[in-house]
Number of protein chains: 2
Amino acid sequence: MPTPLPRDPIADAQRNWERHGWGDVAAPMAAITAIMRTQQILLSRIEEVLKPLGLTFARYEMLALLGFARTGALPMSKASALLQVHPTSVTNAVDRLEAAGFVTRTPHPTDGRTTLIELTDSGRAVAEKATAALNSEVFGRSGFTGSDVEDLIRILGEFRREAGDFA
Amino acid sequence: MPTPLPRDPIADAQRNWERHGWGDVAAPMAAITAIMRTQQILLSRIEEVLKPLGLTFARYEMLALLGFARTGALPMSKASALLQVHPTSVTNAVDRLEAAGFVTRTPHPTDGRTTLIELTDSGRAVAEKATAALNSEVFGRSGFTGSDVEDLIRILGEFRREAGDFA
DNA sequence: TCAAATTCCTAGGAAGTCCAACTATATTTC
DNA sequence: GAAATATAGTTGGACTTCCTAGGAATTTGA
């Protein structure tokens, strides 16, 4: 954990933007930069909690998604769509989860193009452990107040809808 | 741009969390996941704008920081602290900017440990072009309303302070 | 004054992102 | 029914992140 800076670097950047005549967009710039930095902090906390379980956030999300699937299995293309990552990111995550014994790949019974990812017993167990750890260490002490969380859900939900994430 | 999903996957995940008895942390989980996804969308937009200039966001931030420095130069350790990235990330970015002719590395006049990064004329020119493009294509059409931006700055500023980013 | 501790930066590596291109399979169109 | 088009997933690669470890230089403390 590095030493706190004496001043907020993003507030400083916002002032620099204003000073250079870009006042109109200084506040959105600061908001966007703050989102970048907040994501970085949260990801770091999440990875720290998952590391002892041999997981990363990308791998954990895959396991969690499979855990909620009724059959414990999904086509890789479906996982890509729901996790909103590129198919090659799914290939990467599944390669490592398969190597760790947490998932298996099986061919689709009727569609030769499609590979199903299926949770194994040890995958299900580690996903449950990871969820418990994240619930208590990260989500349960998020650093946001109740009304902050509501605001974030509202603001970022509308943003994601406008960005075409969902109908 | 993939096809919009029929429903918000993060709202679905929140309902799954509630259904599994983790209702207390479902909303913070959704807010955090929304931050992750929003960052991904914004980063993708930024990279798309910067790509024609031969820049990435990491490289651009370095150039912008140098642009605001009074002398157009900074020690690498200072850049690491202000950009809030690991020193090895600064090494990586500076390697590429140096190869592109946008910065130069010079030894510190009095401290043998320290390397100064200095903006070149072409680095300054590309940074100005990039800032103009980001201002009009990303920050000027951020996808957030004015009051959203204020809320984000407030909420994420407090979060970053509590996380120890600044005093 | 010198040893210990700290700072600065790099190298090698792991991880995950997406891009471009490819192969295999399925669907659509004529 | 065959060609064209679309879908699914992979491969190789570029990029950026941080981790660990190490070397060089500076600062600190006894």
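Naming: A, B, ... by sequence-line order, numbering from 1 per chain. All values reported here derive from a predicted model rather than from experimental measurement.
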Open item on the list: Expressed as a whole number of angstroms, how long is the span from Phe57(B):CZ to dA14(D):C1'?
Closed with: 19 Å
Open item on the list: Using whole Å, what does the distance between atom P of nucleotide dT10(C) and atom CD of Glu98(B) come to?
Closed with: 9 Å
- [ ] Can you tell me the distance, in whole Å, between the CD1 atom of Ile117(A) and the C1' atom of dA8(D)?
- [x] 12 Å
Task: Leu74(A) CG - dA8(D) C1' separation (whole Å) - done: 15 Å
Open item on the list: Students often get this wrong, so: under 4.0 angstrom with heavy atoms, is Arg96(A) touching a base, only sugar-phosphate, or nothing?
Closed with: sugar-phosphate
Open item on the list: Output the rounded distance in Å from NE2 (His108(B)) to P (dT27(D)).
Closed with: 10 Å
Open item on the list: Measure CG/Asp111(A) against P/dG9(D) and give the value in whole Å, please.
Closed with: 8 Å
TODO: For Glu137(A), look at atom CD and say whether over 12 heavy atoms of other residues, nucleotides or ligands are found less than 6.0 Å away.
DONE: yes
Task: Along DNA chain C (nearest heavy atom to each residue), the more 5'-positioned of Glu61(A) and Val94(B) - done: Val94(B)
- [ ] Looking at every strand, decide which applies to Ser89(B) at a 4.0 Å heavy-atom threshold: base, sugar-phosphate, or nothing.
- [x] base
Open item on the list: Whole angstroms only, please: what is the CG-P distance between Leu42(B) and dC18(C)?
Closed with: 14 Å
- [ ] Send over the distance from Gln39(B) CD to dC18(C) P, rounded to a whole Å.
- [x] 10 Å
Open item on the list: By the 4.0 Å heavy-atom rule, please label Thr115(A) as base, sugar-phosphate, or nothing.
Closed with: sugar-phosphate
Open item on the list: Both Gly112(B) and Gln84(B) contact DNA chain D. Taking the nearest nucleotide for each, which residue is further toward the 5' end?
Closed with: Gln84(B)
TODO: Just do the side chain to side chain contact (heavy atoms under 4.5 Å, CB included) check on Leu5(A) and Gln84(B) with the steps written out, would you?
DONE: CA-CA 10 Å; Leu5(A) 291 158; Gln84(B) 294 171 309; 4.0 Å; yes
Task: N or O in side chain of His86(A) less than 4.0 angstrom from dC19(C) OP1/OP2 - done: yes
Task: Residue met sooner reading DNA chain C from 5', once Ser44(B) and Asn92(A) are mapped to nucleotides - done: Asn92(A)
- [ ] Could I get the full list of salt bridge (charged side-chain N to carboxylate O under 4.0 Å, His left out) partners for Glu158(A), not counting sequence neighbours?
- [x] Arg161(A)
TODO: May I ask you to say what Thr114(A) touches in the nucleic acid, namely base, sugar-phosphate or nothing, with a heavy-atom cut-off under 4.0 Å?
DONE: sugar-phosphate
Open item on the list: Heavy atoms from C-beta onward define the side chain here; which of dC15(D), dT10(C), dT17(C) lies closest to that of Arg59(B)?
Closed with: dC15(D)
Open item on the list: Testing the basics here: between Gly140(B) and Val25(A), what is the closest heavy-atom pair and its distance to 0.1 Å?
Closed with: CA-CG1, 3.6 Å
TODO: Select base, sugar-phosphate, or nothing to describe what Gln40(A) touches, counting heavy atoms under 4.0 Å on all strands.
DONE: sugar-phosphate
Open item on the list: Does Ser77(B) reach a base, just sugar-phosphate, or nothing at all? Heavy atoms under 4.0 Å.
Closed with: sugar-phosphate
Open item on the list: Let's see if you can work this out: which of dC8(C), dA8(D), dT17(C) has an atom nearest to the side-chain heavy atoms of Arg113(A)?
Closed with: dA8(D)
- [ ] Describe, in one word, how the ring planes of Phe139(B) and Trp17(A) are oriented to each other, choosing from parallel (under 30°), tilted (30 to 60°) and perpendicular (over 60°).
- [x] perpendicular
Task: Side chain of Thr88(B) (C-beta onward), nearest among dT20(D), dC8(C), dT7(D) - done: dT20(D)
- [ ] Mind checking Val90(A) for me? I need base, sugar-phosphate or nothing, with any heavy atom below 4.0 Å counting as a touch.
- [x] nothing
Task: Worked check of side chain to side chain contact (heavy atoms under 4.5 Å, CB included) between Arg37(B) and Asp165(A) - done: CA-CA 10 Å; Arg37(B) 174 59 187 157; Asp165(A) 262 13; 2.6 Å; yes
